[in-house]
Colleague: 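Before I ask anything, here is the structure I am working with.
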Amino acid sequence: MTAPTGSMPTYLGMPSFPEAAKAAVADSQLRRNLTHATTTIRVKRARAIGELDDWPGLREAARAIKDHTLAHLDTYLPRFEENVVKAGGHVHWARDAAEANAIVTGLVKAANADTVVKVKSMATQETGLNEALELAGISAVETDLAELIVQLGHDRPSHILVPAIHKNRSEIRDIFRATMPDAPGGLTDSPPDLAATARAHLRQRFLRASVGISGANFAIADTGSLVVVESEGNGRMCLTLPQTLISVVGIEKVLPSWRDLEVFLALLPRSSTAERMNPYTTIWSGATPGDGPRDVHVVLLDNGRTATLADHTGRQALRCIRCSACLNVCPVYERAGGHAYGSPYPGPIGAIISPQLRGEGSPVDASLPFASSLCGACYEVCPVAINIPEVLVHLRATAPKHYPERAVFSLSAAILSSPRRLAAAQKAAAASRKIIARKGRIRRLPPPLSAWTETRDAPAPPPESFRAWWSRTRGPAEAGPAGE
Ligand code: SF4
């Protein structure tokens, strides 16, 4: 359950990341589902990227375009607005989630609709739009297959691209059987059966809906156009059939021109679904009489983005094109799953974007910058070169949870900067081995160090240090690297 309004709803009652992850790690079925899915996507993605001659060049071009645009939003956003209006659309500005939800709810009511069909949209998950619409008596039907599974199962998405990645086929079949009155009696768990059942279930809803709601992958300032890429065709139905179309778009999605879009249409499909191009790329500019929706609205969403932009290191998170590649390579995500991140944005990008967009006030947001081993795999795969480890370290410096870690690092610095103190510490560690270690391993330490040994052990300190051994066997060193 999410809070219906606010700057970005934290899932209510969400514990800190380590607490939530502990439950997820104990779920062996979840771990199997995740490992299978992320390994498959990883291998396919590497193959798709290997086909290009100059992936690093493309990546650098994308980074430069995003950085330029983010630095000039004051030029490109008004230009985008002007061109949307010129093309017959309407633009609304929303400072936060509450404002965005109120605007959308008002537009749906003005269209006299009590049901809307939705294209998969991270921005509306971020604002908790479905819950806000429900409070206003409007039901929102998710039409992306994985989003539909999550919605019918009263669950939450756990992956940006594959929101139901934590469910296997038989679990999905059980959800369909329990929640779709129109599901065939002998429904099996074969993918074609499941897809056909979802398709039949959604078809009538597409045809009946008078309002469609979407996000956008990109917004082109030069022509006021919006772009949605997808794989199932459900987006195309939502974007063309209803009379009213409302798109909630983060302000960082704007690109200056069509030439810039070309770079991202080459990067995004390969990096996300490992395809050379997206099966469906829908582009629309305002309203066109006799073709598609007659009433087109764009809600430009800030919701913490301007504040993020003001942070010199943290702002690179706004380059994100939501490809999910960082999730699929992350050893922490693969074990903990997406729910532990307490946000629509899980994985490495979630660990840096959620605390920036909504602040570090809740237990989960304060813990997210620590939900990483800093291995750097996320940075390596990111198609827009977001240095996620750099932002994590930056956020750790300001996180409330940082104090114990800071104390440990200060103590380490004091010891390592003095050969005399280092020798004394090594001596003390060697002396303690009889008390803290059993059979060569340290398995349990008293609090607060128990937080470490609860989930891992460590080798016992050696009986003597290398320096002590050298002095004992070769005589005192004349001048070691540390000046001993
Ligand atoms: S941070 Fe990079 S790799 Fe992760 S989702 Fe965003 S663009 Fe993709």
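The residues of the chain are indexed from 1 along the displayed sequence. Both ligands and their constituent atoms are indexed starting at 1 by order of listing.
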Colleague: Taking the inter-plane angle between the rings of Phe264 and Phe218 on a 0 to 90° scale, is it parallel (under 30°), tilted (30 to 60°) or perpendicular (over 60°)?
Modeller: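 Tilted.
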Colleague: Taking atom types as modelled, is there a side-chain donor on Thr127 or Asn101 under 3.5 Å from an acceptor on the other?
Modeller: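 Result is yes, a qualifying pair exists.
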Colleague: Is it the case that Glu81 and Trp93 place a side-chain donor and acceptor less than 3.5 Å from each other?
Modeller: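 Side chains of Glu81 and Trp93: pair found under 3.5 Å.
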Colleague: Tell me yes or no: between the side chains of His72 and Asp74, is some donor less than 3.5 Å from an acceptor?
Modeller: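 No, no side-chain donor-acceptor pair sits under 3.5 Å.
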Colleague: Could you tell me the residue and atom name of the protein heavy atom closest to atom 5 (S) of ligand 1, and the distance to it rounded to 0.1 Å?
Modeller: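 Protein heavy atom with the smallest distance to atom 5 (S) of ligand 1: Ser324 N, 3.3 Å.
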Colleague: When you measure from atom 8 (Fe) of ligand 1 to the N, O or S atoms of Cys326, does any of those distances fall below 2.8 Å?
Modeller: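 No - counting backbone and side chain alike, Cys326 has no N, O or S atom under 2.8 Å.
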Colleague: Please identify which atoms of ligand 1 are closer than 4.0 Å to at least one heavy atom of Ile386.
Modeller: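 Those atoms are 1 (S).
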Colleague: Which ligand 1 atoms does Pro383 reach within 4.0 Å, using its non-hydrogen atoms?
Modeller: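 Result: 2 (Fe), 3 (S), 7 (S), 8 (Fe).
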Colleague: Show the atoms of ligand 1 that are less than 4.0 angstrom away from any heavy atom in Ile349.
Modeller: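 By the 4.0 Å cutoff, the relevant atoms are 1 (S).
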Colleague: To the nearest 0.1 Å, how far is atom 6 (Fe) of ligand 1 from its closest protein heavy atom, and which atom is that?
Modeller: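 Checking every protein heavy atom, the shortest distance to atom 6 (Fe) of ligand 1 gives Cys320 SG, 2.3 Å.
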Colleague: Measure from atom 6 (Fe) of ligand 1 to each N, O or S atom of Cys323 and report whether any distance is below 2.8 Å.
Modeller: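 It does not; every qualifying atom lies at 2.8 Å or beyond.
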Colleague: Do His339 and Ser158 get their side chains close enough for a donor-acceptor pair, meaning under 3.5 Å?
Modeller: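 Distance-only check fails for His339 and Ser158.
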Colleague: Kindly say whether the aromatic ring centers of His159 and Tyr341 come within a distance under 6.0 Å.
Modeller: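 Between Tyr341 and His159, which both carry aromatic rings, the centre distance is not below 6.0 Å.
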Colleague: Provide, to 0.1 Å, the distance between atom 2 (Fe) of ligand 1 and the closest protein heavy atom, together with that atom's residue and name.
Modeller: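 Nearest protein contact, heavy atoms only, for atom 2 (Fe) of ligand 1 is Cys382 SG, 2.4 Å.
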Colleague: State, without any angle test, whether Ser16 and Ser367 hold a side-chain donor-acceptor pair at a distance under 3.5 Å.
Modeller: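 Result is no, nothing qualifies.
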Colleague: So for Val381, does at least one of its heavy atoms come nearer than 4.0 angstrom to any atom of ligand 1?
Modeller: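 For ligand 1, residue contact (heavy atoms, under 4.0 Å) with Val381 is absent.
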Colleague: Evaluate Phe206 against His201 for ring pair (Phe, Tyr, Trp, His ring centres under 6.0 Å), listing each step before the verdict.
Modeller: CA-CA 10 Å; Phe206 282 130; His201 175 81; over 10 Å; no
Colleague: Val384 heavy atoms, cut-off 4.0 Å: which ligand 1 atoms fall inside?
Modeller: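 Numbered from 1, ligand 1 contributes 7 (S).
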Colleague: Checking contacts here: is it the side chain or the backbone of Ile160 that comes within 4.0 Å of ligand 1, counting heavy atoms only? Could be both or neither.
Modeller: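 Near ligand 1, Ile160 shows nothing, with every heavy atom at 4.0 Å or more.
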Colleague: Measure the distance from atom 7 (S) of ligand 1 to every protein heavy atom, then report the residue, atom name and distance (to 0.1 Å) of the closest one.
Modeller: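 Minimum-distance protein heavy atom for atom 7 (S) of ligand 1 reads Ile321 N, 3.5 Å.
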